[in-house]
Amino acid sequence: MNTPEPFKIKMVERLNVLTKVERKKKLTDKGYNVFKLRSRDVFIDLLTDSGTTAMSDEQWGAMFETEQAYAGSNSYYKVKEAVSDIFGFDKFVMVHQGRAAENILFSQLVSEGDFVPNNMHFDTTKGNVLHKGGTPVDLVIDDAYNTGKEVDFKGNMDIDKLRKFIDEKGSEKIPVIMLTVTNNTAGGQPVSMENIRKVKEIAKEHKIPFFLDACRFAENAYFIKKRERGYMDTSISEIVKEMFSYAEGFTFSAKKDGMSNIGGMIGLRDEKLHQRCTELGIIIEGYPTYGGMACRELAAIAKGLYESTRVEYLEYRIGQVEYLAGLLREAGVPLVEPPGGHAVFIDARRFLPHIPPEQFPAQALTAELYIDFGVRGVELGTCAFGETDENGNVIPAPFDNMRLAIPRRVYTLNHLKYVAESVIALYERRDDISGLERTYSPEILGHFMSEFKPV
Ligand code: F0G
């Protein structure tokens with residue numbers, strides 16, 4: 001029997017339902033980019049699981065109670081206690097969100113001409129490496145690109161590729177090796193403890209620091225418990241501790257498994273690097289005990305870190321993702337299998353085989369889903385991760401997926417049933433859906449600002 005919601009609803013927000021004609025006009029006016037819509041014009045918003053969590057009464061309560069101070073608020077010490085308790089780290093730098101952590105850390109570590117290997121970079125991580133003159137390199141196992149193939153730990157780093165890469169480039173050109181848990185870019189796919197351990201060994205052998213991009217650490221830990229031999233009887237908090245024990249540091253967005261609407265941090269073991277990141281943090285984020293946020297946000301994070309590691313919560317959470325994936329799978333909709341921790345990814349290349357990647361099939365599908373049903377997903381494909389050559393031609397990403405990210409504790413199964421029925425209705429009339437032509441493309445982070453028109 002599945003665990004139902006381990007909470008009950010105390011406050012609700014009204015949803016707005018526009019007509020299809022109204023939605024079509026809104027999206028056309030915004031160049032077919034769903035990021036540019038007003039959220040009140042969206043019925044069910046699966047754009048992201050980041051910063052969209054419904055917070056608990058305990059989090060809100062702690063926010064009211066906290067001291068608001070420039071320096072030394074009690075909320076900072078509560079986060080410190082949670083970070084030590086949950087991650088086993090004593091040193092950390094508070095920042096307002098994950099990408100600020102990436103900016104500060106890479107400013108210290110990455111120089112022009114360096115390479116940063118990762119299983120797979122998320123867009124902001126990739127953007128921040130590029131911004132410091134480095135080259136982000138994705139070394140995930142090949143199975144990650146085979147959307148239909150069922151693999152337990154599809155987020156794993158390819159160990160042979162990593163060894164070869166270090167031999168080729170030389171360890172002095174590699175200031176850090178990262179692992180993103182879970183691998184958001186290719187489906188929210190988990191990384192096994194064995195893989196974390198192996199990456200750590202290789203990093204140690206070459207004296208390269210090893211960091212986690214730990215946004216969805218609790219969801220990753222849950223998959224280790226469920227799928228990896230030897231962890232069935234280990235608690236989530238013990239699994240999390242072990243995962244982090246291999247790392248010299250981590251970047252973290254509290255907007256995901258921090259169960260908060262804002263916040264992030266860099267965890268560090270090295271004293272000097274901690275000092276340098278703290279000092280840079282003061283210039284660009286704020287004094288270390290508030291890190292660019294109101295102290296109440298820190299109070300929410302301190303509570304949220306414990307809430308995301310409760311096994312009954314994770315069972316419900318991953319159960320929701322499985323429920324949505326199950327309805328879609330039954331109707332034959334091509335998915336990234338198995339579904340990951342925070343979202344269902346639909347393979348738009350298999351959904352719309354008549355649309356070539358150069359015409360952004362996942363963006364086209366995302367647009368149709370909004371226009372017809374008011375559901376907002378997001379493209380993770382050629383718009384987000386593709387490139388453009390010197391003649392302006394589109395170089396496709398290795399995949400074109402539409403992600404339906406599930407905000408934490410926000411939607412009911414009935415909402416997800418509506419989402420499934422909407423996608424299935426589109427699947428039934430898929431031959432009528434046409435591709436898009438990009439009319440504007442920024443230099444970096446394409447999917448936020450690009451604009452399109454129908455082909
Ligand atoms: N790393 C990963 C793996 C992420 O998924 C994100 C954000 C970040 C870093 C950056 O964190 O947003 O707090 O600055 N992902 C969101 C998403 C935006 O929708 O997947 P941030």
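Counting starts at 1 for both ligands and their atoms, following the listed order. Quick note: residue numbers are just sequence positions, from 1.
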Q: Answer yes or no: is there a side-chain heavy-atom contact under 4.5 Å between F87 and F92?
A: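 Sidechains of F92 and F87: no contact.
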Q. Quick one: does I104's side chain get under 4.5 Å of I266's, heavy atoms only?
A.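 Sidechains of I266 and I104: in contact.
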Q.
One thing to verify: whether E5 and R317 come together as a salt bridge, which I'm taking to mean a side-chain N less than 4.0 angstrom from a carboxylate O.
A.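 Looking at R317 and E5, the cut-off is not met.
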Q. Is it true that atom CD of E387 has more than 12 heavy atoms of other residues, nucleotides or ligands lying nearer than 6.0 Å?
A.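 No, CD of E387 has 12 or fewer neighbouring heavy atoms, counting only those of other groups under 6.0 Å.
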Q) Taking the six-membered ring where the residue is Trp, are the ring centres of Y76 and Y290 under 6.0 Å apart? A)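 No, they do not, as the ring centres are separated by 6.0 Å or more.
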(Q) Please report whether the ring centroid of F373 lies less than 6.0 Å from that of F43. (A)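 No.
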May I ask you to identify the nearest protein heavy atom to [atom], giving residue, atom name and distance to one decimal place in Å?
atom                    : result
atom 12 (O) of ligand 1 : R99 NH2, 2.8 Å
atom 6 (C) of ligand 1  : K256 NZ, 3.2 Å
atom 21 (P) of ligand 1 : Q97 NE2, 3.3 Å
atom 9 (C) of ligand 1  : E102 OE2, 3.1 Å
atom 10 (C) of ligand 1 : T124 OG1, 3.4 Å
atom 1 (N) of ligand 1  : D213 OD2, 2.8 Å
atom 4 (C) of ligand 1  : F122 CD2, 3.5 Å

Q: Please confirm whether R296 makes a cation-pi placement over F64, using NZ or CZ under 6.0 Å from the six-membered ring centre and within 45° of the ring normal.
A: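 Here R296 fails the 6.0 Å and 45° test against F64.
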Q. Of K226, K225, R408, which meets salt bridge (Lys or Arg N to Asp or Glu O under 4.0 Å) against E219?
A.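 Of the listed options, the one satisfying the test is R408.
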State the atoms of ligand 1, each with its element, that fall below the 4.0 Å cut-off from a heavy-atom position in [X].
X    : answer
T180 : 3 (C)
R216 : 3 (C), 4 (C), 5 (O), 17 (C), 20 (O)
G98  : 11 (O), 13 (O), 14 (O), 21 (P)
K255 : 13 (O)

For ligand 1 and [X], I'd like to know whether there is a polar contact (N/O to N/O, distance under 3.5 Å).
X    : answer
N184 : yes
S253 : yes
T182 : no

Q. Do you see a donor-acceptor pair shorter than 3.5 Å between the side chains of E297 and S260?
A.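 The criterion, which ignores hydrogens and geometry beyond distance, is not satisfied for S260 and E297.
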Q) Can a donor-acceptor pair be found between the side chains of Y246 and R197 at a distance below 3.5 Å? A)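 A pair is found: one side chain offers a donor N or O, the other an acceptor, under 3.5 Å apart.
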Q.
Against ligand 1, does C215 come closer than 4.0 Å with any heavy atom?
A.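 Yes.
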Q: Please verify whether a non-hydrogen atom of H342 lies at under 4.0 Å from ligand 1.
A: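 No, that is not the case, since the closest heavy atom of the residue is not under 4.0 Å from the ligand.
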Donor-acceptor list for residues 333-346 side chains, cut-off 3.5 Å, not counting sequence neighbours:
{"residue": "E337", "atom": "OE1", "partner": "R329", "partner atom": "NH2", "Å": "3.0"}
{"residue": "E337", "atom": "OE2", "partner": "R329", "partner atom": "NE", "Å": "2.7"}
{"residue": "H342", "atom": "NE2", "partner": "N184", "partner atom": "OD1", "Å": "3.0"}

(Q) Please work out, at 4.0 Å between heavy atoms, whether the side chain, the backbone, both, or neither of H96 comes within that distance of ligand 1. (A)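 Neither part.
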